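Since the structure comes first, as structure tokens, the remarks are kept for the end.
Just so you know, these numbers come straight off a predicted model, no measurement behind them. Below, read A as the first sequence line, B as the second, and so on, with proteins coming before strands; counting in each chain starts at 1. Hydrogens, waters and symmetry mates play no part in the numbers below; they use all other heavy atoms, side chains included.
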Amino acid sequence: MSNTEMPKAYESKLYEDEIYAAWEKSGFFNPDNLVGEPYSIMMPPPNVTGVLHLGHALENALMDAMARYQRLNGKKVLLVPGTDHAALPTQAKVEKMLMEGGMKNPRQELGREKLVEKIREFAESSRATILGQVKKMGTSCDWSRLAYTFDAPRNIAVNELFRQMYNDGLIYRGYRVVNWSTKGQSTCSDDEIEYIERASVLYTFKYSKDFPITIATTRPETKLGDTAVAVHPGDERYQKYIGQIFTVDVGAEKPLEIKVIADEGVDPTFGTGALGVTPAHSPVDFLMYEKQKASGNPIGLIQVIGVDGHMTKEAGSYAGLTVEDARAKFVGWLSEQGLLEKEPEEIVQNVGTSDRFKDVIESLPMTQWWLDVQKIIPSKGKSLKDLMAEALTTGLNGNTEQKVTITPERFTKLYLHRVENLRDWCLSRQTWWGHRIPVWYRGKETFVGNGTPEGEGWEQDPDTLDTWFSSGSWTFSTLGWPEQTVDLKSFHPTNWMQMGYEILYLWLMRMVLMSTYALGEIPFKDAYIHGMLRNEAGKKFSKSDANGIDPLDIIEKYGCDALRLCVLSGNTPGNDSRFSAEKIESSRNFVNKMWNVSRFILMSIGSDVLPPSQGGGEGVVAPATVADHWILGRLETVTNQTGKLIEQFDFSLAIETLREFIWNDFADWYLEIAKIQQKDETLRTSTNEILLYVLKQSLVLCHPFMPFVTEAIWKEFGTGSFVMVSTWPKVTGLFDESSEKQLVALQELIIAIRNVRSQNKIEPKKLMDVVFVVNNASREFIESNREVISALARVNSDFALVEKYEAATTDVSVVRKDVSVFVKMETVVDPVKEKARIEKEVIELTTYLVSVAQKLSNEEFRSKAPEKIIMSMEEKQREAQAKLDALRKS
RNA sequence: GGGCGGCUAGCUCAGCUGGUUAGAGCACUUGCAUGACAUGCAAGGGGUCAGAGGUUCAAAUCCUCUGCCGCCCACCA
């Protein structure tokens, strides 16, 4: 074997690209080349607004760990890669860049076609970068099924979905108050509003001297469009005015006709108990307007703010002013007229801002496309809201197979609460990048469907669809829907989805909505919600890349495996975690440890056992020593634990379990013991076989988390196969409790002797002389481990085993429960110090024994605690007592 | 105004369907260039589990309250 060529340290750069290329070429990323039960994961498509950051590294690590684990367990795994065109956000981003480059108004200057072309160029370049990054992260996705939310197949799915929802009467065109971004010149949905706290001024005033009711507002300029004052129906103060109309002149185009109306929603105890109603510029007021209309007691609607953020001609003397200027002017007028009832009051207020354009959202009345979430779907007898709730509670139609489980569970409550309060979804955007609304108009005719209708004179709606409309269909549009493809049948519902909690409402909910509506299926069975990755100081990695870290830089420096381990360790469901230099180094070191363990094994087994290329390490192993039994038992325990942990989505603990096993058990103990066993002719072959066996299994166990290094080592075996498509270890019944106990005892003994050396500053090179005091039970145990003890504790191997021993003044004692060791010093041991050391131990033991005795003598404990607990406590008591007795004797 | 999460070793975090003398990584102390690895080895030090009550034979773990820190939601004019 040529394994001596393995370099001392694992250099990730030498392997990763080559290995990824080999995996790709092997075809095993494509489930068509695998057998077994289908298992599918859809990659949350990164937005082409930018390139990938560390958060995406976490997502890729999560998805790929799961995909690889499932593949090793014989599943036919599909992991679909893709990107999201991110309609409005991408346009916002490109416009911002163009404006930074000197353009004043990109839409005006370039026009629709040219601007869309610019955005497409940007998107394509981001897309290419992103896909390259995904490969660098080692993600085992099927590139033959690569999808993009804006490609032709996805466009068909979007149009078809729209058509069906329209035909079901769920999608409608309606005039109502929308969220309007003046800067973005577009609507946005309720979910795209970010509320920020800011200082504001509350003005309390009357419309005119003889108006009987005082009202308050932080937006005086909108009052130019007031058409009513609402009071609580039971409010005695205002009872007599209800139904009356007052005409006031506040300087708008026409004098305002203010009707006093009653509405249950008004809180009579708050403020003046009266509310100025501005139907055109407040969603709540608009509802009152509709309610009044429905009750046959209509009030007016006057739009005083335009789409450009300036006052309209309805605002009369205020027309053309910005809202800020209009506000100042109106407040000035109120003050002059003596209409302000109180000094203006400074308050803190939440205002909605556009999450993309960052400006304050105006409420304006407009005709837009909406998705009705309340309406009963004819074929289903339920509303979209009902479907969305069912999917998380009882399962669709009570079918528990069609139920989404969210980890951690607490997000389920959030989701359901949100669903309950869901309002109709505004689908149309006035930006240009994205799926065009699939609706055509000709005079009074409307056509909804896929592609331009036949005949002359049709014009397509100029608006585009909310980007989440296409991402909502991701789990099935990627599988060929609306065609009833084989993929769709095999892989939907998908098995697992992971995402950050920040898109729970935006995305998870919409996937459930779309999938339950279109397919009558949940989009995925399990949703794993991860937290955000923060920097060392606990700050968010901002999207503007100011303190962002490029995952490629990390990969370049530390390797992909280290990055993956790093982002997964310490990351628990739903909780944020931090990324730091120290953490990545620690992960890199573990990768290197794996490498060196393998390096040692491949170098030392020589020709004694069959080389791996001829099946070495595959067959039956023959444990000969306690250590052999122990390590095989540990491997089995760890195999069980790791599998269970991954299936519970507890990736961090799985990694910790593996690290502990490989580093502490396998490398620090078994390898050291194996070096001794290798020198023994009768043990050499079996030891080497076990080394190779445990190594191979460990590589498989670690592969989901560190795919590259495990594959690189596997390659050294020269089998020509991939660890990626090997088999997750099976439980073989090699666990042996007594070996486990014995080895732990051996470890404790060796550590104790090493401790004597350290405490007494005896140089490591010197072999110490010791005497073992044993009883019948422990004699055999020590004798059979003579060589191991000698080598690992560094004592002369010809030590005596006696039953009684009179300690000399040059001896230091080590006491275990049924073995004592006397270590011979060259000089007289300081009797005071030695006594103190023993005293300390005696005190610790005594204290412990007292507490145990207290518990055990407690009647209630004895009668109520389970048998198992009592027995284990009694066992511990015996052990501690034995040790204490031995200590006292010495 | 509602709701949620966090508070465990110097730092970052596990553990929390109650039951070993509370763990890991990093940092720290003391030794080691021990033929796999100094990206390492060995031996250590370090915590009244935010505080106060309660339930229980038993609480970091369950309940109540309080205090900080963070997040989400909400039409209080």
Quiz prompt | Test log, rule side chain to side chain contact (heavy atoms under 4.5 Å, CB included), inputs A/Leu563 and A/Ile584 | solution = CA-CA 6 Å; A/Leu563 174 62; A/Ile584 184 100; 4.3 Å; yes
Can you tell me how far [atom2] of [N] sits from [atom1] of [X], to the nearest Å?
X: A/Asp576; N: B/A14; atom1: CG; atom2: P; answer: 10 Å
X: A/Ile869; N: B/U20; atom1: CD1; atom2: P; answer: 7 Å
X: A/Glu859; N: B/A58; atom1: CD; atom2: P; answer: 14 Å
X: A/Asn664; N: B/A24; atom1: CG; atom2: P; answer: 9 Å
X: A/Lys855; N: B/A59; atom1: NZ; atom2: C1'; answer: 11 Å
X: A/Arg410; N: B/G3; atom1: CZ; atom2: C1'; answer: 12 Å
X: A/Glu656; N: B/G23; atom1: CD; atom2: P; answer: 13 Å
X: A/Ile662; N: B/A24; atom1: CD1; atom2: C1'; answer: 16 Å

Practice problem: Would you give the length of the straight line joining atom CD1 of A/Ile673 to atom CD1 of A/Ile789, rounded to the nearest 0.5 angstrom? | Solution: 10.0 Å
Quiz prompt | Stacking check A/Tyr848 vs B/U21 (5.5 Å / 30 deg) | solution = yes
Exercise. For each nucleotide in nucleotides 34-43 of chain B, reading 5' to 3', give B when a protein heavy atom comes within less than 4.0 Å of its base, S when such contact involves only the sugar-phosphate, and - otherwise.
Key: --BBSBSSSS
Quiz item: Quick one: what's the B/S/- string for nucleotides 72-77 of chain B, heavy-atom cutoff under 4.0 Å, read 5' to 3'?
Solution: SSBBBB
In whole Å, what separates the [atom1] atom of [N] from that of [M]?
N: B/U34; M: B/U39; atom1: P; value: 14 Å
N: B/G31; M: B/A22; atom1: P; value: 30 Å
N: B/G44; M: B/C7; atom1: P; value: 30 Å
N: B/A60; M: B/G51; atom1: C1'; value: 14 Å
N: B/G23; M: B/C16; atom1: C1'; value: 13 Å
N: B/A50; M: B/G67; atom1: C1'; value: 8 Å
N: B/C68; M: B/U30; atom1: P; value: 41 Å
N: B/U21; M: B/C37; atom1: C1'; value: 34 Å

Self-check item: Nearest atoms (heavy-atom pairs only) where A/Met288 meets A/Asp263
Solution: CG-OD2, 3.4 Å
Which nucleotide, in any strand shown, forms a Watson-Crick or G-U wobble pair with [N], with both distances under 3.5 Å?
N: B/U17; value: none
N: B/A77; value: none
N: B/A27; value: none
N: B/C71; value: B/G3
N: B/G53; value: B/C63
N: B/C32; value: B/G40

Got more than 12 heavy atoms from elsewhere within 6.0 Å of [atom1], [X]?
X: A/Glu875; atom1: CD; value: yes
X: A/Arg198; atom1: CZ; value: no
X: A/Gln349; atom1: CD; value: yes

Quiz item: To the side chain of A/Pro866, which of B/U30, B/G19, B/C57 is closest?
Solution: B/G19
Please verify the inter-ring angle class for [X] with [Y]; under 30° counts as parallel, over 60° as perpendicular, anything in between as tilted.
X: A/Tyr10; Y: A/Trp595; result: tilted
X: A/Phe205; Y: A/Phe330; result: perpendicular
X: A/Phe651; Y: A/Tyr528; result: perpendicular

Self-check item: Contact nearer the 5' end of RNA chain B, comparing A/Arg659 with A/Arg862
Solution: A/Arg659
Practice problem: Flag the pair A/Lys13 and A/Glu556 as a salt bridge only when some basic side-chain nitrogen lies within less than 4.0 angstrom of an acidic carboxylate oxygen. | Solution: yes
Exercise. Answer yes when A/Glu672 and A/Lys675 have at least one side-chain N-carboxylate O distance shorter than 4.0 Å, and no when they do not.
Key: yes
Quiz item: Base, sugar-phosphate, or nothing: which does A/Ser586 touch, judged by heavy atoms less than 4.0 Å apart?
Solution: sugar-phosphate
Quiz item: Do any side-chain nitrogens or oxygens of A/Thr572 fall under 4.0 Å of OP1 or OP2 in B/A14?
Solution: yes
